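Read through the structure below, which is laid out as structure tokens, and then see the notes.
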Amino acid sequence: MAAQREGRLPPPLPLATLIGRELRAGGSERPALRYGHAAFAKRGEDYFLVKPDCLRIPGDPHSAFSVFAVFDGHNGVSAALYSKDHLLEHVISALPPDVARDDWLQALPRALVAGFVKADIDFQRKGEASGTTATLVVVDGFTVTVASVGDSRCILDTQGGDLQLLTVDHRLEENAEERDRVTASGGEVGRLNLFGGQEVGPLRCWPGGLCLSRSIGDMDVGEFIVPIPHVKQVKLSNLGGRLIIASDGIWDALSNEAAAKACRGLPAELAAKLVVKQALKTSGLKDDTTCVVVDIIPSDHLTSPQLSPKRNQNKLKSLFRRRSHSSVGKLGGKSASFGSVEELFEEGSAMLEERLGRNLSLKAASPPFRCAICQVDQEPFEGLMTDNGGGYCSSPYAPWGGPYLCLECRKKKDAMEGKRSSRSAICR
């Protein structure tokens, strides 16, 4: 009561508490998902992933979750295609097996970080120079987890018409924090210089000239262009919501509000087409333009026998029709109200020690050790030390309080922080 009188929000509730509350409120049936996608190609470097039939526990349909992603490639299609085919498997390999749903969801943000870094290391082994943005969305019941690098974007539209941005754009032009990180790690940020000293175009990182500060791939730029994603996890209320995931071909033409407004009241497949159509109408086909729309719909909106097909369709449309802002809580805060979106987790640091955590236990107290990124059991390399807290350092040349990393992944970590180059470890 004192916190409410002083205008402070109560602390966020644990995920297990929210799931239990959902079940007690009659939400034992998982929401239905309806999804659609649309795209127009300019260079053919965009890819998307729709995988609605994943299982946390093999053979158990009650452990189902769904994955949707958009990859916007540049300098060729290889990185985007590789990420479409392999990023999810790297994330899954970093998740603990045979754990309860709430423990699995709590481990997911860290596994997403490990999976993105693993994908980058594996792709760079190919020696190809292309790169890609990646926005990967995991939907498990009413819990949505989004990981992203680059400037593809995911927004959440709720029943009340309020919008929440679930990603952070990693464009050097707009993101001052990322500019500072890149320059502190040894990169140079500036515009393209023409003859005569004239500067044109957006801010870019040199070497390489990439205008993004995070991506997968991009061997021709410095390692300070990192694959460590911004991750946000939210729990929707039992009213559901709509996700719009799209490449920058959409967001360069439309604001978040314009994209959401363009497709409210429409089923997901048509909604995706309308968002793309509106973007093309606004700016023309200047870039690859890809959109995936996912509707998270409470089961009672689909199965009520009292509704005729037409009335049922109208009820579905009402999920995403603009209403008064007073009809639901404002988004973005860590409200404890069950009628609003709960923010469970958000972290965007580019430091692996902060993202992987200091308290991640090792698989065993003696060799072999399992690398927290590549998930391979191996003997520790020479110089492995024990830190003051009783854990294991994975390098003889720098303090490290996080989980065990193999030599190659440790070199990658140090290179991303500007401490050394990992080219010799990766390009072989």
Side-chain angles (χ1 to χ4, degrees), residues 79 83 87 90-91 93-94 107 109-125 131 134 147-150 170 177-178 180-187 205 208 212-219 221-231 347-363 368-389 391-428:
S83 298
L87 177 58
H90 293 323
V91 173
S93 71
R110 186 167 53 206
L112 285 161
V113 172
F116 271 60
V117 176
K118 169 66 170 170
D120 183 72
I121 291 173
D122 279 6
F123 178 74
Q124 288 197 6
R125 286 197 186 103
S148 63
V149 292
H170 296 126
E177 185 177 355
E178 284 292 278
D180 292 342
R181 180 188 63 77
V182 168
T183 55
S185 297
C205 178
L212 304 174
S213 62
R214 304 195 192 191
S215 69
I216 292 174
D218 287 308
M219 283 198 62
V221 302
E223 292 277 9
F224 35 75
I225 303 301
V226 300
I228 301 175
H230 171 273
V231 180
E347 180 60 73
S349 169
M351 306 297 288
L352 268 183
E353 184 168 1
E354 297 176 14
R355 305 304 299 279
L356 294 180
R358 299 177 64 92
N359 59 350
L360 183 62
S361 61
L362 294 168
K363 190 187 79 166
F369 298 110
R370 172 164 292 181
C371 176
I373 292 176
C374 65
Q375 300 299 311
V376 174
D377 291 337
Q378 51 194 286
E379 297 293 331
F381 58 85
E382 183 180 357
L384 182 70
M385 299 183 298
T386 303
D387 68 9
N388 294 331
Y392 289 89
C393 278
S394 57
S395 172
Y397 47 80
W400 166 242
Y404 174 72
L405 301 181
C406 67
L407 177 59
E408 184 171 345
C409 290
R410 181 59 199 271
K411 287 183 177 180
K412 176 69 174 179
K413 170 203 170 291
D414 286 343
M416 290 190 292
E417 296 173 4
K419 297 175 183 176
R420 59 181 294 167
S421 172
S422 68
R423 292 287 184 242
S424 60
I426 294 176
C427 307
R428 57 171 184 245

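Only a predicted model underlies this, so the values are computations on that prediction, with no experimental measurement involved.
Distance alone, capped at 3.5 Å, is enough to place a donor-acceptor pair between the Asp120 side chain and the Gly217 backbone. A donor-acceptor pair under 3.5 Å is absent between the side-chain atoms of Arg410 and the main chain of Tyr404, judged by distance alone. Side chain of Arg355 to backbone of Glu347: a donor-acceptor contact under 3.5 angstrom is found.
In this structure, the side chains of Val376 and Cys371 stay at 4.5 Å or more apart for every pair of heavy atoms. Here the side chains of Lys419 and Lys413 are in contact, with some heavy-atom distance below 4.5 Å.
Applying the salt bridge (Lys or Arg N to Asp or Glu O under 4.0 Å) criterion to Asp122, with sequence neighbours excluded, gives Lys118, Arg125. Applying the side-chain contact (heavy atoms from CB on, under 4.5 Å) criterion to Ala79, with sequence neighbours excluded, gives Phe123, Ser130, Thr132. In terms of the salt bridge (Lys or Arg N to Asp or Glu O under 4.0 Å) criterion, residue partners of Arg181 (sequence neighbours excluded) are, by chain and number, Glu178. Partners of Ala111 according to the side-chain contact (heavy atoms from CB on, under 4.5 Å) rule, which considers only residues two or more places apart in sequence or in another chain, are Val91, Ala94, Leu95. By the side chain to side chain donor-acceptor pair (under 3.5 Å) test, Ser349 pairs with Glu354, sequence neighbours left out. Applying the side chain to side chain donor-acceptor pair (under 3.5 Å) rule to His90 yields the partners Tyr82; only residues at least two apart in sequence or on another chain are considered.
Considering all non-hydrogen atoms of both residues, Arg214 and Gly348 come closest at NH2-O, 2.7 Å. Residues Cys205 and Val182 share a closest heavy-atom pair of SG-CG1, 3.6 Å. Residues Phe224 and Gly187 share a closest heavy-atom pair of CZ-CA, 3.4 Å. In terms of heavy-atom proximity, Val149 sits nearest to Pro227 at CG1-O, 3.6 Å. The minimum heavy-atom distance linking Leu356 with Arg110 is given by the pair O-CD, 2.8 Å.
A distance of 4.0 Å separates CD1 of Ile228 from CE of Met416, quoted to the nearest 0.5 Å. Put simply, CD1 on Ile225 and OG on Ser213 are 6.0 Å apart, with the number rounded to the nearest 0.5 Å. Rounding to the nearest 0.5 Å gives a distance of 11.5 Å between CD1 of Ile216 and CD1 of Ile121. With values rounded to the nearest 0.5 angstrom, Ile373 atom CD1 is found 9.0 Å from Gln375 atom CD. Considering NE2 of His230 and CG of Leu112, their distance stands at 12.0 Å, rounded to 0.5 Å. Within the model, atoms OG of Ser215 and CZ of Phe116 stand 11.0 Å from one another, a figure rounded to the nearest 0.5 Å.
The pair Glu408-Lys412 fails the salt-bridge criterion, with no side-chain N (NZ, NE, NH1 or NH2) lying under 4.0 Å from an Asp/Glu carboxylate O.
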